[in-house]
S.K.: 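The structure follows.
Quick caveat, the model's predicted, so the values are computed rather than measured. A note on names: the letters A, B, ... follow the listed sequences, proteins ahead of strands, and every chain is numbered from 1.
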Protein chains: 2
Amino acid sequence: MPNREATLATIQRELTAFARRARSKAARVHPKLSLVTYSMLDHMVETGGCRATDLACHFMLDKSTVSRQTATLERLGLMVRETDPDDHRGQILRPSEEGLRLLRDAHEQRRATYEQRLAGWADDDLERLAGYLQRYNSEG
Amino acid sequence: MPNREATLATIQRELTAFARRARSKAARVHPKLSLVTYSMLDHMVETGGCRATDLACHFMLDKSTVSRQTATLERLGLMVRETDPDDHRGQILRPSEEGLRLLRDAHEQRRATYEQRLAGWADDDLERLAGYLQRYNSEG
DNA sequence: CGGCAGAAGTTGTAGCATGCAACTGAAGAG
DNA sequence: CTCTTCAGTTGCATGCTACAACTTCTGCCG
């Protein structure tokens with residue numbers, strides 16, 4: 001049985017390896033979208049439409065960066081904006097129909113990738129892993 | 001008991017969240033080093049001195065990118081290079097004394113971060129998580 | 001009411017990482 | 001010897017990011 005030090009080192013190493021792979025492989029979940037713009041579109045759906053400031057806060061990015069990324073999304077026809085009726089300074093950002101389609105495709109693609117990768121796993125192992133990851137992310 | 005679909009979705013979501021956090025938080029593991037340059041120095045140690053081509057292959061980067069990063073490391077006094085005696089085209093890259101010191105600091109810093117984050121975990125939970133992560137990374 | 005602080009976004013500027021392509025120098029095959 | 005291939009560097013372009021200055025609008029306080 002390995003000691004705690006070694007186990008911690010393994011977890012650290014494996015999570016780092018995962019992060020590196022995620023950045024390089026899943027960096028382009030769609031030809032037109034980077035991981036960040038994809039996540040932004042996703043966040044607009046999850047929140048039911050949000051403002052640029054929300055995105056900046058949630059992803060810890062400068063508002064100028066968000067402004068440029070949303071401009072790109074709009075130029076690609078993947079996002080629409082409407083002035084917030086309650087506060088004319090802000091805008092409500094939502095995916096367009098095409099943006100929603102693209103998001104669904106990307107979701108399905110990623111789901112299939114994970115399903116294939118975890119195909120050989122037993123159900124209870126999957127559930128334990130899911131629980132561990134939730135616990136890890138919620139702490140700290 | 002959740003179904004397999006839901007469990008897979010959870011794993012996917014949590015790993016994505018982890019990757020996003022890793023990008024923003026662990027982006028700078030040391031004031032002078034980015035995650036990439038840090039990993040490069042680390043790889044030089046693990047391999048006992050390697051060539052730029054090895055780094056490019058291992059990290060899936062263009063050789064020009066590696067060339068510039070190693071130039072930066074050398075300019076910072078963290079790395080030294082010597083012409084490969086067996087092949088005068090290549091160079092053997094190694095951390096300098098200061099590079100090794102800095103690497104040890106960074107290692108310790110990261111180890112402490114993980115230890116703190118996982119402080120409340122039972123040993124067998126840690127070992128199971130480590131095993132799951134190894135299995136996940138080794139497959140696919 | 002009128003002015004002023006603060007918030008939401010945009011744009012100018014700069015820095016950094018990265019990739020592709022063209023180039024230099026060296027090793028190895030014929 | 002010559003030609004090809006490999007290791008590495010450099011020029012150029014691109015994309016993401018931050019900081020700062022500016023615009024427009026809101027909300028508050030005198």
Side-chain angles (χ1 to χ4, degrees), chain A residues 19-20 22-41 43-44 47 49-76 78-94, chain B residues 19-20 22-41 43-44 47 49-76 78-94:
Chain A
R20 191 167 55 210
R23 207 182 33 253
S24 59
K25 268 193 177 178
R28 303 243 159 228
V29 71
H30 185 99
K32 284 183 178 175
L33 290 186
S34 71
L35 182 59
V36 170
T37 47
Y38 165 79
S39 302
M40 284 184 178
L41 264 188
H43 192 69
M44 293 175 204
T47 58
C50 64
R51 294 172 306 163
T53 301
D54 298 333
L55 294 174
C57 180
H58 188 257
F59 295 107
M60 289 187 286
L61 292 170
D62 192 79
K63 56 184 179 171
S64 64
T65 301
V66 173
S67 175
R68 290 182 170 95
Q69 297 294 357
T70 54
T72 300
L73 283 173
E74 191 179 25
R75 188 161 8 93
L76 289 172
L78 301 175
M79 191 203 79
V80 294
R81 58 179 94 204
E82 59 190 74
T83 300
D84 188 338
D86 298 334
D87 184 343
H88 283 204
R89 293 173 301 181
Q91 304 166 351
I92 308 292
L93 310 176
R94 300 178 197 284
Chain B
R20 190 168 56 212
R23 199 187 48 246
S24 57
K25 267 195 178 177
R28 298 241 160 234
V29 71
H30 187 99
K32 284 184 178 175
L33 290 185
S34 71
L35 181 58
V36 170
T37 46
Y38 162 78
S39 302
M40 284 182 179
L41 267 186
H43 191 68
M44 293 174 204
T47 58
C50 65
R51 293 171 307 163
T53 301
D54 299 333
L55 293 175
C57 180
H58 188 257
F59 295 107
M60 289 188 286
L61 292 171
D62 192 80
K63 56 183 180 173
S64 64
T65 301
V66 173
S67 174
R68 289 181 172 97
Q69 297 293 358
T70 53
T72 299
L73 282 173
E74 192 180 26
R75 187 160 10 92
L76 289 173
L78 301 175
M79 191 203 78
V80 294
R81 55 180 95 204
E82 58 190 76
T83 300
D84 187 339
D86 298 334
D87 185 341
H88 284 204
R89 292 173 303 180
Q91 304 166 350
I92 310 292
L93 309 177
R94 301 178 196 283

S.K.: Between P on dC16(D) and CG on L33(A), what's the gap in Å once rounded to a whole number?
M.R.: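 Value for this atom pair: 10 Å.
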
S.K.: Hey, which sits more toward the 5' end of DNA chain C by its nearest nucleotide, A52(A) or T65(B)?
M.R.: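 Its nearest nucleotide being more 5', the pick is A52(A).
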
S.K.: Can you check the R68(A) CZ to dC19(D) C1' distance for me, whole Å?
M.R.: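 Whole-Å distance recorded here is 10 Å.
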
S.K.: Could you walk me through whether M40(B) and L33(B) pass side chain to side chain contact (heavy atoms under 4.5 Å, CB included), step by step?
M.R.: CA-CA 10 Å; M40(B) 284 182 179; L33(B) 290 185; over 6 Å; no

S.K.: Can you measure from OG1 (T70(B)) to CZ (R68(B)) and round to the nearest 0.5 angstrom?
M.R.: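 Taking OG1 in T70(B) and CZ in R68(B), the distance rounds to 10.5 Å.
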
S.K.: Just the rounded figure in Å: distance from C1' of dG9(C) to CD1 of I92(A).
M.R.: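 After rounding, the gap between these two atoms is 14 Å.
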
S.K.: Looking at dC16(D), dT18(C), dG9(C), which one has an atom nearest to any side-chain atom of V36(B)?
M.R.: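 Per side-chain heavy atoms of V36(B), the pick is dT18(C).
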
S.K.: Round to the nearest Å and state the distance from M40(A) atom CE to dC16(D) atom P.
M.R.: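 Checked: the CE to P distance equals 10 Å.
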
S.K.: What is the distance, rounded to the nearest whole Å, between atom CG of L73(A) and atom P of dC16(D)?
M.R.: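 L73(A) atom CG is separated from dC16(D) atom P by 10 Å.
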
S.K.: Using the side-chain heavy atoms of D87(A), tell me which of these nucleotides is nearest: dT10(C), dA27(C), dT26(D).
M.R.: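 Selected nucleotide (nearest to the side chain): dT26(D).
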
S.K.: Please determine if a side-chain N or O atom of S67(A) lies less than 4.0 Å away from the OP1 or OP2 oxygen of dG9(C).
M.R.: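 Negative; the distance criterion is not met.
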
S.K.: In whole Å, I'd like the distance from the CG atom of D84(A) to the P atom of dA7(C).
M.R.: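 About 17 Å, once rounded to whole Å.
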
S.K.: For a quick check of understanding: with a heavy-atom distance under 4.0 Å over all strands, which category does D62(A) fall into, base, sugar-phosphate or nothing?
M.R.: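 Base contact.
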
S.K.: Is Q69(A) close enough to dT17(D) that one of its side-chain N or O atoms is under 4.0 Å from OP1 or OP2 there?
M.R.: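 Answer yes for this pair, as a side-chain N or O of Q69(A) is under 4.0 Å from OP1 or OP2.
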
S.K.: Report the distance from atom CG of L61(A) to atom C1' of dC19(D), rounded to the nearest whole Å.
M.R.: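 Result: 14 Å.
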
S.K.: Rounded to the nearest 0.5 Å, what separates atom CD in Q69(B) from atom CE in M79(B)?
M.R.: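 Q69(B) CD to M79(B) CE: 11.0 Å, rounded to 0.5 Å.
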
S.K.: Does a nitrogen or oxygen in the side chain of T53(B) sit under 4.0 Å from OP1 or OP2 of dG8(D)?
M.R.: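 Checking T53(B) against dG8(D): at least one side-chain N or O falls below 4.0 Å of OP1 or OP2.
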
S.K.: With respect to the side chain of R89(B), which nucleotide from dA27(C), dT17(D), dT26(D) is positioned closest?
M.R.: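 From the listed options, dA27(C) comes nearest.
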
S.K.: Do the side chain of S67(B) and the main chain of K63(B) share a donor and acceptor less than 3.5 angstrom apart?
M.R.: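 No: the side chain of S67(B) does not pair with the backbone of K63(B).
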
S.K.: With rounding to the nearest 0.5 Å, note down the distance linking OG1 in T53(B) to CG in L93(B).
M.R.: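 These two atoms lie 9.5 Å from each other.
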
S.K.: Regarding S64(A), tell me which of base, sugar-phosphate or nothing describes its non-hydrogen contacts under 4.0 Å with the strands shown.
M.R.: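 The residue S64(A) makes base contact.
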
S.K.: Between R51(B) (CZ) and dC6(D) (C1'), how many Å, whole number?
M.R.: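 For the pair R51(B) CZ and dC6(D) C1', the rounded distance is 9 Å.
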
